[in-house]
Amino acid sequence: MSKVPYEVYTEDVETLSVLSPDGEVINKDLLPDLTDDQLKEIMYRMVFTRTWDDRAVNLGRQGRLGFYAPVSGQEATMVGSEYALEKSDFICPGYRDIPQLVWHGLPLYQAFLYSRGHQHGGEIPADVNVLMPQIIIGAQILHATGIAMGFKLKKEKSVAIAYTGDGGSSEGDFYEGLNFAGSFKLPVIFFVQNNGYAITTPFAKQTAAKSIAHKAVAVGIPGIKVDGMDIFAVIRAVQDAAKRARDGEGATLIEAVTYRFRPHSLSDDASKYRSKEEEGQWNEKDPIARLAKYLEKKGLWTDEDTQRVRDEAKATVNEQIKKAEQTAKMTIPGLIDSMFETTPQHLEEQKADFE
Amino acid sequence: MAQMNMKEAIRDAMRVELNRDPNVLIFGEDVGNVGGVFRVTEGLQKEFGEDRVFDTPLAESAIGGLAVGLGVQGFRPIAEIQFVGFIFEALDQIVIQAARLRWRSGGKYNAPIVFRTPFGGGVKAAELHTDSLEGLIAQSPGIKVVIPSNPYDAKGLLIAAIRDNDPVFFMEHLNLYHAFRAEVPEGEYTVELGKANVVREGSDVTIVTYGMMVHTSTKAAEQLEKEGINVEVIDLRTVSPIDIDTIMASVKKTNRVIVVQEAQKSAGVAAEVIAQINEKGILHLEAPVLRIAGPDTVFPFAQIEDTWMPNPARIIAGVKKVLEF
Ligand SMILES: Cc1ncc(C[n+]2csc(CCOP(=O)(O)OP(=O)(O)O)c2C)c(N)n1
């Protein structure tokens with residue numbers, strides 16, 4: 001009698017990378033096509049994002065921001081993936097994905113207002129195609145699927161992208177969204193930033209799958225894996241996935257392997273669940289240092305440029321946080337009136353308790 | 001007796017039960033190694049091992065369903081849902097699967113599960129971390145809903161919940177975890193589920209409330225005392241089922257009632273309390289029963305949550321309204 005072939009799908013998904021940690025191009029074929037100005041703009045955005053994150057952490061400690069999830073370490077995945085999209089493409093973020101929103105057009109002071117628990121943070125400008133950061137992990141994956149179906153039905157050549165983390169890839173919503181997107185062949189990109197931890201839970205405890213990219217197998221869409229500390233690999237992967245989507249070839253799952261240098265949130269102590277050695281190893285892969293080395297060799301960037309951007313970012317953050325702080329306070333009657341198009345009678349009555 | 005805050009009392013209840021009954025298990029997101037985002041289960045994995053206290057992948061429906069399956073197998077799971085807003089992902093497993101298991105299996109299986117979850121406003125948490133969803137669960141048949149207001153009750157109620165052979169939804173107010181310390185007996189004791197507590201005796205008006213609002217209401221009662229108004233405060237402790245006998249005994253004494261809840265006003269626990277008072281003794285009332293509650297909006301963004309939540313001033317106004325009726 002022959003044996004039942006009990007096999008786990010373990011064939012490795014190759015990790016795509018373009019730039020080595022010391023800034024050498026190691027995979028010319030995958031190098032995205034970018035002008036010098038574009039390269040400088042990308043570097044500018046990464047340095048700006050890092051500076052803003054540093055400031056945000058301080059503002060948080062001073063009580064000037066509310067809920068904030070640090071992003072340092074993930075600049076390549078955040079800045080790079082957004083840069084690879086068109087303005088008309090639609091971003092469905094998780095709570096950490098504020099940089100993508102801002103680079104897609106959400107004013108920075110509104111991101112601060114959102115963090116400070118002010119409703120106006122969520123009033124998205126008309127020409128900005130984003131949803132607000134999602135707190136329910138995985139919900140945005142389904143929204144992106146619906147938005148992508150909308151593009152398809154309206155015959156618009158745009159793409160929806162949903163961001164989540166390695167933890168998010170365990171939610172039921174994740175599987176359901178991927179499966180729908182596969183089944184309906186929708187123009188959507190599922191972008192998982194695998195930063196190794198879901199709050200405190202390490203990737204090894206999250207899943208027995210060899211990688212998150214493997215999860216695409218079950219729903220019949222391509223699953224690829226990129227070095228998430230390498231901005232060129234990220235840009236190239238998203239550009240190609242977006243092209244597939246626009247060409248009617250359907251959805252793609254991208255796993256970007258990255259690291260958050262800081263704890264999960266400002267109220268959390270990373271030393272309780274990860275080691276200094278590990279943090280050190282990832283520091284060596286810093287996506288900003290890596291791109292800087294590449295650009296320096298091309299004569300496109302210097303330390304002075306970094307300093308100039310840092311100064312500019314600091315000034316912008318200061319000005320935008322002030323703007324957020326000076327925005328008129330919310331009121332309960334205003335909140336009540338924001339629930340329905342026409343405020344029902346019982347809510348009109350409830351306003352009286354607050355006047 | 002030891003002095004404990006509510007978080008320590010809850011942890012102590014779990015430790016007592018893990019020690020007493022090998023079938024007790026704790027699981028959820030981040031509850032193991034680090035002891036949860038509020039460190040409520042801190043140290044328990046070290047003490048009892050990874051088979052009894054463990055982290056799960058990030059999937060609430062799976063956490064709820066795992067608890068149901070383990071219940072079928074004779075275990076007594078304590079499943080943590082990290083924050084209350086995330087129970088929606090698990091709602092089918094909690095209010096349909098767990099709460100109906102006994103009935104659906106003709107009594108063959110039961111779901112001796114405690115679903116623990118933090119909730120409650122006033123701490124400026126992110127969206128969906130604070131909502132008071134007890135009314136939603138309370139409307140589901142087959143599951144009890146418990147909300148302690150102090151460390152002593154928290155430990156005794158949690159032990160009772162773990163020993164209960166039916167599912168219990170146990171809600172822990174974020175603002176009470178560290179609010180104050182109180183005497184908590186060491187070792188085992190229980191506080192009966194479904195029994196309210198008269199936390200302050202009075203003769204003029206009854207305030208029926210629970211959770212954090214017990215403290216807000218007591219503050220209001222203390223201020224009213226200075227004006228010569230004598231308020232009785234009842235802490236429900238269990239919001240489903242409601243201890244109507246304790247409430248009616250008070251109504252017969254004071255003839256005036258207000259119900260205070262942090263949750264949105266409509267269709268919730270306060271509405272249920274008032275309906276039961278009407279059914280059992282409308283003729284004992286000298287005035288309509290009022291609700292002091294959050295307005296029917298989403299739980300507001302952090303900036304105005306302090307205005308949104310009932311405060312002593314609003315409670316005092318409500319008391320005066322029923323007195324002057
Ligand atoms: C449905 C739901 N469950 C639980 C949480 C609480 N929570 C917030 S962040 C987080 C971990 C997320 O990890 P991951 O998806 O890897 O993203 P990362 O923060 O690492 O970027 C958890 C459990 C939530 N926000 N939503």
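The basis for the numbers below is simple: all heavy atoms, side chains too, and nothing from hydrogens, waters or symmetry mates. A, B, ... follow the sequence lines: proteins, then strands. Residue 1 opens every chain.
For Phe354(A), the part lying near chain B is the side chain, with the backbone staying farther off; criterion is any non-hydrogen pair under 4.5 Å. Only the side chain of Gln82(B) comes within less than 4.5 Å of a heavy atom of chain A; its backbone N, CA, C and O stay farther away. Both the backbone and the side chain of Ile304(B) have a heavy atom closer than 4.5 Å to some heavy atom of chain A. For Thr331(A), the part sitting under 4.5 Å from any heavy atom of chain B is the backbone (N, CA, C, O) and nothing else. Only the side chain of Leu347(A) comes within contact range of chain B, with at least one heavy atom under 4.5 Å from a heavy atom of that chain. Only the side chain of Met339(A) has a heavy atom closer than 4.5 Å to any heavy atom of chain B. For a residue to count as touching a neighbouring chain, one of its non-hydrogen atoms must lie under 4.5 Å from one of that chain's; by this rule His346(A) touches chain B with the side chain only. No part of Arg291(B) comes within reach of chain A, as not one of its non-hydrogen atoms sits under 4.5 angstrom from that chain. Using a 4.5 Å cut-off between heavy atoms, Asp173(A) touches chain B through its side chain atoms alone. For Glu42(B), the part sitting under 4.5 Å from any heavy atom of chain A is the side chain, from C-beta outward, and nothing else. Contact annotation for Ser61(B): neither backbone nor side-chain heavy atoms come within less than 4.5 Å of a heavy atom of chain A. Of the two parts of Val298(B), the backbone and the side chain both hold a non-hydrogen atom closer than 4.5 Å to a non-hydrogen atom of chain A. Heavy-atom distances place the side chain of Asp55(B), and not its backbone, under 4.5 Å from chain A.
More than 12 heavy atoms of other shown residues, nucleotides or ligands fall within 6.0 angstrom of atom NZ in Lys210(A). For Glu279(A), the CD atom counts as densely surrounded, since its 6.0 Å shell holds more than 12 non-hydrogen atoms of other residues, nucleotides or ligands. Under a cut-off of 6.0 angstrom, the local environment of CZ in Phe180(A) is sparse, with at most 12 non-hydrogen atoms contributed by other residues, nucleotides or ligands.
Taking NE2 of His118(A) as the start and CD of Gln303(B) as the end, the distance is 4.5 Å to the nearest 0.5 Å. A distance of 7.5 Å separates CG in Leu58(B) from CD1 in Ile199(A), rounded to the nearest 0.5 Å. Taken to the nearest 0.5 Å, the CZ atom of Phe340(A) stands 10.0 Å off from the OG1 atom of Thr297(B). Within the model, atoms CD1 of Ile332(A) and CD of Glu305(B) stand 10.0 Å from one another, a figure rounded to the nearest 0.5 Å. To the nearest 0.5 angstrom, Phe301(B) atom CZ is 6.5 Å from Gln119(A) atom CD.
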Check your understanding: After noting the C-alpha distance and the side-chain angles of Thr200(A) and Asn33(B), does the key distance pass the side-chain contact (heavy atoms from CB on, under 4.5 Å) rule?
Key -> CA-CA 8 Å; Thr200(A) 72; Asn33(B) 173 29; 5.6 Å; no

Practice item. Give the intermediate values and the outcome of side-chain contact (heavy atoms from CB on, under 4.5 Å) for residues Arg39(B) and Lys272(A). Key: CA-CA 11 Å; Arg39(B) 311 285 180 262; Lys272(A) 292 227 159 93; 4.0 Å; yes

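Taking a cutoff of 4.0 Å between a charged side-chain nitrogen and a carboxylate oxygen, Lys265(B) and Glu349(A) do not qualify as a salt bridge.
Looking at Asp30(B), its side chain does come within 3.5 Å of a backbone N or O of Thr201(A) through a donor-acceptor pair. Side chain of Glu127(B) to main chain of Ile135(A): no donor-acceptor pair is present (N/O by atom type, distance under 3.5 Å, no hydrogens or angles).
Of the listed residues (Ala198(A), Ser170(A), Gly66(A)), the one with the most heavy-atom contacts under 4.5 Å to chain B is Ser170(A). The candidate from Ala126(B), Pro57(B), Ala293(B), Ala302(B) with the greatest count of non-hydrogen atom pairs under 4.5 Å with chain A is Pro57(B). The most heavy-atom pairs under 4.5 Å with chain A, out of His129(B), Glu89(B), Glu29(B), come from Glu89(B).
Between Asp268(A) and Val37(B), every side-chain heavy-atom pair lies at or beyond the 4.5 Å cut-off. Taking 4.5 Å as the limit, every side-chain heavy atom of Lys124(B) sits out of range of all side-chain heavy atoms of Arg116(A).
Of the options Asp353(A), Ile336(A), Leu335(A), a side-chain contact (heavy atoms from CB on, under 4.5 Å) to Pro295(B) is made by Ile336(A) and by none of the others.
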